[in-house]
Number of protein chains: 2
Amino acid sequence: MPKQVDYEDRRRRIAEAVCLLADELGPEGVSMRDVAARAQVSVGAVQRCFRSKEEMLLFAVGHVGERLTERVSARLAADPAHALGHAIDEIALLREEHRAEARIWLAFVAQAVVREPLARTLRNSYAALEDLLTRLVAEAAGNGPADPRAEARALLALADGLTTHVLMGHLTAQAAEDVLNTHVAGLRERLRT
Amino acid sequence: MPKQVDYEDRRRRIAEAVCLLADELGPEGVSMRDVAARAQVSVGAVQRCFRSKEEMLLFAVGHVGERLTERVSARLAADPAHALGHAIDEIALLREEHRAEARIWLAFVAQAVVREPLARTLRNSYAALEDLLTRLVAEAAGNGPADPRAEARALLALADGLTTHVLMGHLTAQAAEDVLNTHVAGLRERLRT
DNA sequence: CCGGCATCGATACGATCGTATCGAAACAAG
DNA sequence: CTTGTTTCGATACGATCGTATCGATGCCGG
């Protein structure tokens, strides 16, 4: 058996390049040539890793989703007491250092509306997040008449909307954070009864 | 003075075509040729209406924003009693017949993150909506410690997030509507005190 | 050492894009 | 009718895209 290559590693490296470019130009704006240049490989190498551009984008968005859920899980394990607040805080991607990820996420969400395979991938991520939040809300609630699923959906949508508004420059990150914290506080209040 | 043409009307007709196509393929996916074909004019005619593609897209998104704010205003005038609930209901674009507009809006928002002129246009629309909602919340509130601006921001973000989740198929329109109504009900409750 | 195969990267190809160009057509003014 | 100006739509152009192709390269088993 002749030459052997670690394709998995290269796929990840390429996915990073995709993210960098998608952050700058949107996912429609990334070309195979640019990706190859950014990842410091030849175009042929990219083609051998992914059968098509679509496959490449799909892998990249999955990569981002994975990192996000990992980070949320890590936060949960580290500080179970403030689980809800911290979880939604991470999901909202408001912190400066995750601005790039937020941009990529939004870009792919917008594309997903028009490209079904992408939508499937993203729905999985959202379903996982909704389940997680639902569980956290249910745990925080005693046994009141609250509907944890509905609260989780509201939280997720609110976080997503705030992130979007920050990205467009309609809100500052601080303002969004305040709105989010207020909502979470109100939710805890409601759950306590 | 020889031949004269109503450019304003044609710009609108072309904008409609842009919306139809952007709804199907995303705004990156619309080409001048397709737009011209859809609007039943020649490519040259489109070029004479808009100096560039960017100018065309900008006009189109402005067109959509105009229609949206018009509709919200109409609702307000028609039924001032349930102003808040109806207003946010319209903004969320959850009703089936406005699904296309919602898709276009999301697509442009995603692009705006990467194209500053578009972002400016959209920020204007959002600022107008936020002001409107702030006013409605302030009117609904007596004189409690509530922060109308913050509540308006939460409402707007929640509506936007829910719309996005419906478009991706993560939530049904009904589920989103329920979440939204619950939130508005909670807000009214809070404002009453 | 060598023949064979996996991998390489450069290049070719065809399509599509936004935009520029230009002669023909259409209409008002003289 | 002729002239002058505006609008027309077809076509040309150059760039860029995703993808296919292919000879060179380098490693491994024998």
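Here is how names work: the chains are called A, B, and so on, in the same order as the sequence lines, proteins then strands, and each is numbered from 1.
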| query | Does anything in residues 128-164 of chain B pair up under ring-ring contact (aromatic ring centres under 6.0 Å, His included), and if so which pairs, sequence neighbours excluded? | reply |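 Listed once each, the pairs would be none.
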
| task | Ignoring hydrogens and angles, tell me if any N or O in the side chain of Thr121(A) forms a donor-acceptor pair with the backbone of Gly62(A) under 3.5 Å. | result |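 No; judged by distance alone, with no hydrogens or angles, the pair does not exist.
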
| request: Could you run through nucleotides 15-21 of chain D and give me one letter per nucleotide, 5' to 3': B if any protein heavy atom sits under 4.0 Å from the base, S if only the sugar-phosphate is that close, - if neither? | output: --BBBB-

| message | Check whether Tyr7(B) forms a cation-pi arrangement with Arg48(B) (NZ or CZ under 6.0 Å from the six-membered ring centre, at most 45° off the ring normal). | response |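 Cation-pi check for Arg48(B) and Tyr7(B): fails.
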
| Going by atom types alone, do Asp34(A) and Ser31(A) pair a side-chain donor with an acceptor below 3.5 Å? |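 Short answer, yes.
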
| Any residue meeting ring-ring contact (aromatic ring centres under 6.0 Å, His included) with His98(B), in chain and number order, not counting sequence neighbours |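 Per chain and number, His98(B) pairs via ring-ring contact (aromatic ring centres under 6.0 Å, His included) with no residue.
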
